Amino acid sequence: MADLHQKLLKTSKAINENRRGIVITAFCTMFIVITAISLIVFIAIKGLAIFVDNRASLLNFLISDVWQPGNTSNGRPLIGALAMIVGSFGVTLLALMLAIPFGLALSLFVTQYAKKRVKDILQIVLDLFTGIPSVVYGFLGLILIVPVVRKIYGGTGFGLLSGAVVLAVMILPTITSIMINAINGVPISMIQASLALGATRWQTIYKIILRFCLPGLLIGVIFGMARALGEAMAVQMVIGNTVLLPKGLATPTTTLTSKLTVQMGNTIFGTVQNNALWTLALFLLLISLVFNVLIRTLAKKGNY
């Protein structure tokens with residue numbers, strides 16, 4: 001009887017395994033949280049050093065297009081990033097304008113019209129496009145897109161339009177996949193009720209499906225925008241990498257990520273030039289945080 005009592009009081013093997021699992025999970029979670037916070041703090045400290053230690057002007061950073069960190073004006077480094085900011089958002093918005101119509105049309109075709117065999121083939125194609133390295137997209141843009149832009153608009157062919165076309169192809173699978181998931185989340189009962197009331201297929205799509213899953217569609221757009229803003233290699237190969245405000249679609253310019261990729265390895269840690277590049281990295285980080293907040297807000301609104 002005493003042995004049975006001791007066995008009942010003894011912690012079981014399953015409980016011990018559950019406790020170990022909780023401890024390991026908590027440790028991994030804390031490690032990830034601490035790592036993320038440490039990265040944000042480190043980038044923030046390095047990104048603000050140009051304003052604290054080198055007395056650069058924040059206003060000059062935002063509204064000037066003169067990027068010469070090694071030179072000074074009134075004792076302040078010339079770190080005007082306007083050309084790179086305009087280049088980044090310009091090429092991203094152009095890419096979205098090209099990718100969103102195709103992504104929405106493809107997602108509607110896959111979910112509403114295509115047969116199962118066609119869906120499977122399209123899914124394989126989307127996965128294939130997602131897995132292609134960005135340098136391959138850049139190389140294809142260099143040998144296919146740039147000559148066409150040069151022939152149509154003249155000049156070198158490098159510029160916003162070339163970068164936007166390459167980016168549009170790159171972000172199309174991301175936008176399409178998220179839009180497909182959003183459309184599949186529409187209750188089938190709502191679609192059947194609309195058709196039963198005499199609505200056509202297109203009326204059901206326009207009045208019911210698109211309106212119901214609008215938050216999910218916007219999430220796909222924001223994910224595509226975040227992917228486009230963070231892309232460096234492919235854009236760098238076709239945009240021209242010149243710190244100039246773009247005056248047209250075929251004007252060579254540069255982006256924040258391209259400037260970081262080209263120059264970060266050629267600067268000495270702690271110098272004014274290096275601190276200026278960390279400021280660009282901090283600016284990109286802030287944009288990413290804004291995108292994350294928007295995605296979470298839309299996800300809660302649409303219950304995704």
Side-chain angles (χ1 to χ4, degrees), residues 92-145 148 161-231 233-235 238 291 295-296 298-304:
T92 299
L93 293 177
L94 282 174
L96 287 175
M97 291 173 61
L98 294 173
I100 290 175
F102 288 99
L104 182 59
L106 184 57
S107 61
L108 288 174
F109 174 76
V110 169
T111 56
Q112 302 301 313
Y113 296 102
K115 296 182 179 179
K116 185 177 183 306
R117 185 175 181 182
V118 177
K119 290 181 181 180
D120 295 338
I121 295 175
L122 290 176
Q123 187 62 52
I124 294 174
V125 173
L126 289 175
D127 294 339
L128 177 63
F129 273 91
T130 303
I132 297 177
S134 59
V135 67
V136 176
Y137 283 108
F139 183 71
L140 291 174
L142 189 63
I143 64 175
L144 296 177
I145 306 300
V148 174
L161 184 58
S162 299
V165 173
V166 173
L167 275 183
V169 177
M170 291 184 65
I171 66 177
L172 181 60
T174 301
I175 293 176
T176 303
S177 298
I178 297 176
M179 286 184 172
I180 288 174
N181 292 333
I183 294 173
N184 285 332
V186 179
I188 189 64
S189 58
M190 296 180 63
I191 300 176
Q192 292 174 344
S194 176
L195 295 174
L197 290 172
T200 63
R201 172 71 70 176
W202 172 246
Q203 288 174 331
T204 302
I205 291 174
Y206 178 70
K207 297 289 186 179
I208 304 298
I209 296 176
L210 292 182
R211 295 190 179 186
F212 182 88
C213 66
L214 181 60
L217 300 179
L218 293 177
I219 288 175
V221 173
I222 295 174
F223 263 111
M225 189 173 183
R227 168 79 190 279
L229 270 174
E231 181 54 45
M233 184 59 67
V235 178
V238 298
F291 284 156
I295 290 171
R296 288 186 175 275
L298 291 172
K300 290 180 181 180
K301 185 176 180 180
N303 295 321
Y304 289 94

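Just so you know, these numbers come straight off a predicted model, no measurement behind them.
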| field | Test side chain to side chain contact (heavy atoms under 4.5 Å, CB included) applied to S194 and Q203, step by step | value | CA-CA 9 Å; S194 176; Q203 288 174 331; 5.9 Å; no
Residue pair [X] / [Y]: nearest heavy atoms and the distance that separates them:
X	Y	value
K119	V110	CE-O, 2.6 Å
A95	A164	CB-O, 3.6 Å
G141	V238	C-CG1, 3.7 Å
F212	G185	CE2-O, 3.9 Å
G224	I171	O-CG2, 3.6 Å
K207	R211	O-CD, 3.4 Å

Would you compute the distance between atom [atom1] of [X] and atom [atom2] of [Y] and round it to the nearest 0.5 angstrom?
X	Y	atom1	atom2	value
I219	L214	CD1	CG	10.0 Å
L96	R227	CG	CZ	12.5 Å
K115	D120	NZ	CG	13.5 Å
I145	L140	CD1	CG	8.5 Å
F223	T174	CZ	OG1	9.0 Å
S177	L106	OG	CG	9.0 Å

Taking the side chain as every heavy atom from C-beta outward, state whether [X] and [Y] have any pair of such atoms under 4.5 Å apart.
X	Y	answer
L172	F129	no
V166	E231	no
I209	Q112	yes

Just wondering, are more than 12 heavy atoms of other shown residues or ligands nearer than 6.0 Å to [atom1] in [X]?
X	atom1	value
Y113	OH	yes
M190	CE	yes
F291	CZ	yes

| Would Y137 and L167 count as a side chain to side chain contact (heavy atoms under 4.5 Å, CB included) if you check the C-alpha gap in whole Å, the side-chain angles of each, and the deciding distance to 0.1 Å? | CA-CA 8 Å; Y137 283 108; L167 275 183; over 6 Å; no
| said: Using the side-chain contact (heavy atoms from CB on, under 4.5 Å) definition, which of the options T176, L210, V221, I175 pairs with L104? | reply: L210
